[in-house]
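As structure tokens, the structure follows; a few thoughts come after it.
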Amino acid sequence: MKCRAAVAWEPKKPLVIEEIEVEKPREGEVLLRVVASGVCHTDAFTLSGDDPEGAFPCILGHEGGCIVEECGPSVKNLKPGDHVIPLYIPECGECEYCHSTKSNLCQSIASTVWTGYMPDHTRRFTCKGQPIYHYMGCSTFSEYTVVPEIALAKINPAAPLDKVCLLGCGVTTGIGAVLNTAKVEPGSTVAVFGLGGIGLSCIQGAVMAKAGRIIAIDINSGKWAMAQALGATDFVNPKDVNGSISEYIKEITNGGVDYSFECIGNVHVMRDALECTHMGWGVSTVIGVAGAGQEISTRPFNLVVGRTWKGSAFGGVKGRTELPGYVERYLSGEIVLDSMVTHTMPLDDINRAFDLMHSGESIRSVIIF
Ligand SMILES: NC(=O)c1ccc[n+]([C@@H]2O[C@H](COP(=O)([O-])OP(=O)(O)OC[C@H]3O[C@@H](n4cnc5c(N)ncnc54)[C@H](O)[C@@H]3O)[C@@H](O)[C@H]2O)c1
Ligand SMILES: [Zn+2]
Ligand SMILES: [Zn+2]
């Protein structure tokens, strides 16, 4: 079939709206009509060319709200009309990661998801006769996309897809990092570095975990209002701090925070986030994705004295099992999504979503198809 999609022909160039050809779903695959898609910093990261795994030309987008259009052979649990959220980390239910309660990193199709192919090592998109790479197994910046059944969470059709699409990455990542990865306890002091879609969702998670004090940190003071509305208790702009931000946070928290989260992708901030945690028990979770070749460092002694450095992908959430519950928590008012969607636009204006992200004006832009 033919449809319209935003094609990333090469790094650092605006996306181009093109007519593309989408092949039928094959064995175990599902053709989806994309209703809405959020724009995440990770899309911008890949487009920047800093992502070692980025393959071009591709169709970006991984925060989708979709409806099943057609099922390929041997698809068992989905039918046309079902509402789904595509998962960049699938859940096959059979691999050792799926069997482990300690990880959500299903490896069943990882080698193809992260190289831009479908599980059978072929692609479903062509444009002007040229094959186009898939992206994170989702490619939601297209009116239609093809995703394996094991990478689809079936959700309550009562949920608005233009809001719950954010559960496909940003919001689930932030909340899950707090609840699943760090396991923040009631009364804890928490520091969140970077107040984009991910950081603000960490704040939501910290509120859900009943943290006592939630310190929101961003170089853009315009982000404070939203952080406060979601439950942050303190705001620090590192630009207003003389000297080290980690020393400053330790000073105002009587020795350091219990938990910190890095939601930027900056290796220097990752170090600050670790070093501002309390000696003896502080836990710092890296969520931000840093550029190719970058490394983190700290004095080993900072770990010897009882701090822990952790990392979290998609908030440690097993998508097919747990995401439907996140959608229910949104419907019951426990998870806030509506105010996170600061901008909406049609596919034709998708490049504006990237501009708004880079200028710091948006929390999340959602493309409405
Ligand atoms: N681990 C995962 O599963 C996962 C999932 C999604 C996104 N990510 C990553 O999380 C990061 C955040 O994504 P996002 O969509 O929220 O991004 P975003 O661009 O919306 O937000 C980033 C925020 O960080 C702030 N910031 C930048 N430099 C700063 C500094 N030095 N100190 C303090 N604040 C600073 C910016 O002002 C902005 O508010 C990205 O690196 C993204 O790739 C990881
Ligand atoms: Zn994302
Ligand atoms: Zn698996």
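We use all heavy atoms of the structure for the numbers below, so side chains are in, but hydrogens, waters and symmetry mates are not. Remember, it's 1-based here, ligands and their atoms both numbered in the order they're listed. Count residues from 1 along the sequence.
Put simply, the side chain of R364 never gets that close to the backbone of L166: no donor and acceptor are under 3.5 Å apart. Side chain of E149 to main chain of K76: a donor-acceptor pair is present (N/O by atom type, distance under 3.5 Å, no hydrogens or angles).
For ligand 1, one of its N or O atoms has an N or O atom of G197 under 3.5 Å away. Taking only nitrogen or oxygen atoms, main chain and side chain alike, C263 does not reach within less than 3.5 Å of ligand 1. When only interatomic distances are considered, the shortest N/O to N/O separation between G199 and ligand 1 does not fall below 3.5 Å. When only interatomic distances are considered, the shortest N/O to N/O separation between C169 and ligand 1 does not fall below 3.5 Å.
Proximity of F45 to ligand 1, defined as any heavy-atom pair under 4.0 Å, is not found for any part of the residue. Contacts between D218 and ligand 1, counted as non-hydrogen atom pairs separated by less than 4.0 Å, involve both the backbone and the side chain. With a 4.0 Å cut-off on non-hydrogen atoms, T173 touches ligand 1 through its side chain and not its backbone. Contacts of H268 with ligand 1, taken as heavy-atom pairs under 4.0 Å, are absent altogether.
L105 and L323 fall within the same hydrophobic cluster, defined by Ile, Leu, Val, Met, Phe, Trp and Tyr side-chain heavy atoms under 4.5 Å apart, directly or through other members.
Around the NE2 atom of H358, the shell of radius 6.0 Å holds more than 12 heavy atoms that belong to other residues, nucleotides or ligands.
Residue side and main chain included, H99 places no N/O/S atom under 2.8 Å of the Zn ion (ligand 3).
For the atom pair CD (E53) and OG1 (T115), the distance works out to 8.5 Å, reported to the nearest 0.5 Å.
The shortest separation from a heavy atom of G170 to ligand 1 is not under 4.0 Å, leaving the residue out of contact. Ligand 1 has at least one atom lying under 4.0 Å from a heavy atom of Y88. The shortest heavy-atom distance from F193 to ligand 1 is not under 4.0 Å. Residue R364 places a heavy atom under 4.0 Å from ligand 1. The shortest heavy-atom distance from S312 to ligand 1 is under 4.0 Å.
Using a 4.0 Å cut-off to heavy atoms of A313, the atoms of ligand 1 that qualify are 1 (N), 3 (O). Close approach of ligand 1 to G196 is summarised as follows: ligand atoms under 4.0 Å from at least one heavy atom of the residue are 16 (O), 18 (P), 20 (O), 21 (O), 23 (C), 39 (O). Within ligand 1, counting atoms from 1 as listed, the ones closer than 4.0 Å to a heavy atom of V269 are 31 (N).
A centroid separation of 6.0 Å or more is found between the aromatic rings of Y133 and F56.
Rounded to 10 degrees, the SG-metal-SG angle spanning C92 and C106 at the Zn ion (ligand 3) equals 110°.
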